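The structure appears below as structure tokens.
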Protein chains: 4
Amino acid sequence: MRTAVLRGVRDVALEERPVPEPGPREVLIRVASVGVCGSDVHYYEHGRIGQYIVKQPLVLGHEASGEVVALGPGATRHSVGQRVSLEPGVPDFTCEQCRAGRYNLCPDVRFFATPPIDGAFCEYVVLHESFAHPVPESMSDDAAALLEPLSVGVWACRKGEVSPGDRVLVNGAGPIGLVAAQTALAFGATEVVATDVNPVRLRMASDLGCTDVIDVTATPLADAGYQPDVLLECSGHPGATAAAIRTVARAGRVVLVGMGGDEIGLPLSYVQDHELRLTGTFRYANTWPTAIALVHSGRVDLDRLVTSRHPLADAEAALTSGTRDPKSVKPIVRPGE
Amino acid sequence: MRTAVLRGVRDVALEERPVPEPGPREVLIRVASVGVCGSDVHYYEHGRIGQYIVKQPLVLGHEASGEVVALGPGATRHSVGQRVSLEPGVPDFTCEQCRAGRYNLCPDVRFFATPPIDGAFCEYVVLHESFAHPVPESMSDDAAALLEPLSVGVWACRKGEVSPGDRVLVNGAGPIGLVAAQTALAFGATEVVATDVNPVRLRMASDLGCTDVIDVTATPLADAGYQPDVLLECSGHPGATAAAIRTVARAGRVVLVGMGGDEIGLPLSYVQDHELRLTGTFRYANTWPTAIALVHSGRVDLDRLVTSRHPLADAEAALTSGTRDPKSVKPIVRPGE
Amino acid sequence: MRTAVLRGVRDVALEERPVPEPGPREVLIRVASVGVCGSDVHYYEHGRIGQYIVKQPLVLGHEASGEVVALGPGATRHSVGQRVSLEPGVPDFTCEQCRAGRYNLCPDVRFFATPPIDGAFCEYVVLHESFAHPVPESMSDDAAALLEPLSVGVWACRKGEVSPGDRVLVNGAGPIGLVAAQTALAFGATEVVATDVNPVRLRMASDLGCTDVIDVTATPLADAGYQPDVLLECSGHPGATAAAIRTVARAGRVVLVGMGGDEIGLPLSYVQDHELRLTGTFRYANTWPTAIALVHSGRVDLDRLVTSRHPLADAEAALTSGTRDPKSVKPIVRPGE
Amino acid sequence: MRTAVLRGVRDVALEERPVPEPGPREVLIRVASVGVCGSDVHYYEHGRIGQYIVKQPLVLGHEASGEVVALGPGATRHSVGQRVSLEPGVPDFTCEQCRAGRYNLCPDVRFFATPPIDGAFCEYVVLHESFAHPVPESMSDDAAALLEPLSVGVWACRKGEVSPGDRVLVNGAGPIGLVAAQTALAFGATEVVATDVNPVRLRMASDLGCTDVIDVTATPLADAGYQPDVLLECSGHPGATAAAIRTVARAGRVVLVGMGGDEIGLPLSYVQDHELRLTGTFRYANTWPTAIALVHSGRVDLDRLVTSRHPLADAEAALTSGTRDPKSVKPIVRPGE
């Protein structure tokens, strides 16, 4: 099968590889759509993310959908032909964290496109059957792939206990901020304000239902007059994060979603006086059923985020799209085209 | 002022009473709209509800809105002319339950239209300023009054931890069921099924967004094939309650909203095997801000529930409307008309 | 190996069976101690528990400890010689309930001594390595076996959110009530009152730290003057359950632990007025680490519950001990003796 | 009455002031014991704490106990002669935060010994009856006073969801760390490790039940090998806080109790990878009943913390005791002596 392989920094090439064999309880999936994530771009540009270092050729792509084409031994949950969304991190299922329902924290998780585990920029992948989530016929392949970033938004809203009537500030309107904002609305938040420096993204935030947007190049957040119950921090920018925390209401929640920078300067007395709760987030757990229901019921629009589609041979163009084009939000690689 | 007084079973008459004086931190409110609740009808027909017995003339009506027309000593939260929704149960604020945020369980709460406390079927009432909730200009007087039953729905959904993507069964599509169903949708539930025996109510449930309705005279609930995560029991019918509990999914929640019957036969082994959680509900606490936000943002439609409007002189007609007309859902008394 | 087999109602006999082979990720355990549970006795006396029917010879016993003597393929968590406590219900690990951390609700769980799965009244058993919990050297074999009923107590206290300073009523002071009471104390409850009709059990409840005990043959519970925050219902008696519920304080919790009777008459208006929360319980999940820590730190005493020890050949005597002797609390079978 | 007044930095003098009159629902209390808190010392030494500035003479002392000697109008909860512990921050009871049960976040709270509200270094104070908590006869006046710092510990453990079997790290073994450690044990934590640089305090931590102590001048925390589920940060030292956060286990909780420094450098990728939850704490709410139960049942020993007692005339000696004597933990002022 054809596979787009990251061979070194800014070096992606098509290779022929054998189609993998599904192991026990695994299914073989023909890949339909794969979203490009910021982490894919980061590996492409830098060859590493923090402690995760690309030491051997790596296949990128972890936001994927496809169709089940074969069943491994003992796999019983699908019929061949079932369209699925891929949950890309398979844990060991039996460790303490897994048994407690926190499988995202499993120390032995194998996560797509994270060295040395390959991802989905290829024609076929295998996956444990319980992580291949059937999707309704009405859902597009692209939307099915983007259930992965939507899961990040669902996880953020759960961790932040976003509740009906809440006021939510989404700091940073990149792809994650845009799904987080939509998710917050779907969780019943009635004031959802997004910030960014990119007017294209702010316009999309408005179009997707945000009740207000703030271009922080024009209006410092502190002057915007908002006092959110929940801050969904999706910018990864330490200074912007500290500024946003200082707007949160008493007993408010701060969810750290964005990565970037090793250290945040936490405004201690503000956090104490307002008794804020902060939480880190690491991927997600048990989010796919919710994400599927939100898209299927029309409460979240994922197709709207797609700004370009690329065949596998142009995977590199998909990876560089965001850098080249400020209007790019979510490029999609379509290995079957 | 003119006041509709319940003088005995099925005996309501207009009386002249003095306009009350607002006490410390109270406001005087000119009443605009008052919804008729099942409890009002029950007092009218039976002179009692369980341990609460009408021993002296009682003014009914506890779903009310109006306009602040005077401020008592120390009242600072309103300007004269502010339109408000009335939260009708004022607790003592300082007991153990109040301090814990459960003011609905305050043993010394004074609740409108509950013997011996008078309600709002009259031209003016006084209320503690913190229980007179300002409403946006866009909200109708009727909707502002119906924030009270909506609060019951919000409380039920909170107690049942209704979450995005949940499947919810609303047992009984009377006024409370209809607000509970809308609230469940606003909380992100993506499958909300309502049951009733009254086709008019089932049609309204559909119109308000329920994903399915079940006429249990035609289809026994057990045959309908639903397996909800949350049961919002609004029928108050012991048999229907037990039948509905037996459909709830593993780890599901059961919220008892309806009253009626002293005893429910709880199917113990079903509850154990599925590890269900059940909760009683007693009125509500801290629901008005959420209810206001849900109506103001268009997620809940209260005006749609109003099926008739009556001047104060016809309060008795409002009280008997439900019995006379199967199409009646929510009659409103308008003391100013 | 020698195995005590239930061949029919009140018919247990020793048989020779082959020592089982540990499968992938399983360990082979030489059984040291096995507690006799009420469910074992019920199968022995009636050949069934509700829908679970003994249709073929069954090995009883699911409260067990032992020593790892061999490792199956891929099992890496133990060394041979490690003493362990057995968590007797192994789920499929990958279903929706398992992934959510509720593996006790896994529809495909295989639970010891539940038809048709054999239990531990034998010399050797195999078990998934992650359900064979290492115990400290200081813990006796009997105590290690009784971590299973202690887990029921831990689960009950978690479900009931027993918190420091709480007042707890333990309804029924059988083996489960006695561990539940100790657990409630270990959770910080400062008033723990046990009820029973058996003075031997009430004395043991006192000795184990209950702050009061009530012999309900002498003092009806309603007259005892307690108003608990949490009711741990361990009697399984419908009438006693309803009576106990009627004592619970506002916003209190009711945990149904005992089985028995298909239906409880739930006092609806009491539950509503006091806004009680009730929960079913089905076994337990993620309790062993807590149970081990509580015993190891001396906060719970399990050895105290042991009232008799029996070699495997006398398994039947262990099963009938409770019926014959009102002083019997927890008989232990020791297959190695 | 005699009153110790802070007239300026390091300037405390006895003055005669009139005995206050209890207002509506207030009680007059003859003060028995008052603990000296770090905040009292800070006001004494610096004349301010952050934004709170001593602009006029201030009476210090907010950890107090005493005896009710008179009742104001409408006060019905006490009899004259009742010994009480004082909860020193009275909120407005009716604001949004109060109604939600978070009265510690009431913007209009009046808190003892916080400018411009006077404290309890005097013979008599008045207090709202619902904040004067009756204590059992067996509890000493000193212990009754120290229910205030114990409440800080209870609040920290609640916010950190300290649960039975948890491993807890208490960072800093000053008076607050010492109550937090005891509280963690009372909440069922089975590993409670305290750090400090003062060997006297570490010895007291051991004596009070900590399972281990770490002198961080000898052993850097990172080398101690602990991996707590919950960090109770009581040092207020930014560097020590960041180091301690880096030891917390996956899904662990961090409770910020200590003040000091405007900013903590939060190790972002550690917080994300381990999905830690952090929370600020601001005083406490609804803690007195729990604190009383824990002391009364012998689970927490407050008398042990008292290292010196001083008459009112020596209030200044009490305030300087900590600076002068490394063995000082909790000095007590006894206005009646």
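Please read all numbers here as calculations on a predicted model, not as lab measurements. So that the names make sense, note that chain A is the first sequence line, chain B the second, and so on, each numbered from 1.
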Among Leu256(D), Leu278(D), Thr279(D), the one residue meeting side chain to side chain contact (heavy atoms under 4.5 Å, CB included) with Leu278(A):
Leu278(D)
Using 4.0 Å as the upper bound for N to carboxylate O, is an ion pair formed by Glu275(D) and Arg283(A)?
no
Is it true that Arg250(A) and Glu96(D) make a salt bridge, defined as a side-chain N closer than 4.0 Å to a carboxylate O?
no
Structural part of [X] lying under 4.5 Å from a heavy atom of chain D:
X: Gln51(A); answer: side chain
X: Pro107(A); answer: both
X: Leu276(A); answer: backbone

Under a 4.5 Å cut-off applied to non-hydrogen side-chain atoms, are Gln272(A) and Met259(D) in contact?
yes
Taking the side chain as every heavy atom from C-beta outward, state whether Ser269(D) and Asp262(A) have any atom pair closer than 4.5 Å.
yes
Based on non-hydrogen pairs under 4.5 Å, which of [options] is most in contact with chain A?
options: His274(D), Arg253(D), Gln97(D); result: Gln97(D)
options: Val254(D), Val271(D), Val255(D), Thr241(D); result: Val271(D)
options: Asn104(D), Ile264(D), Val257(D); result: Ile264(D)

Rounded to the nearest 0.5 Å, how far does CG of Leu268(A) lie from CG of Leu266(D)?
11.0 Å
Measure the spacing between CG of Asp273(A) and OG1 of Thr281(D) and express it to the nearest 0.5 Å.
10.5 Å
Is Arg102(D) close to chain A through its backbone or its side chain, or both, or neither, when contacts mean heavy atoms under 4.5 Å?
side chain
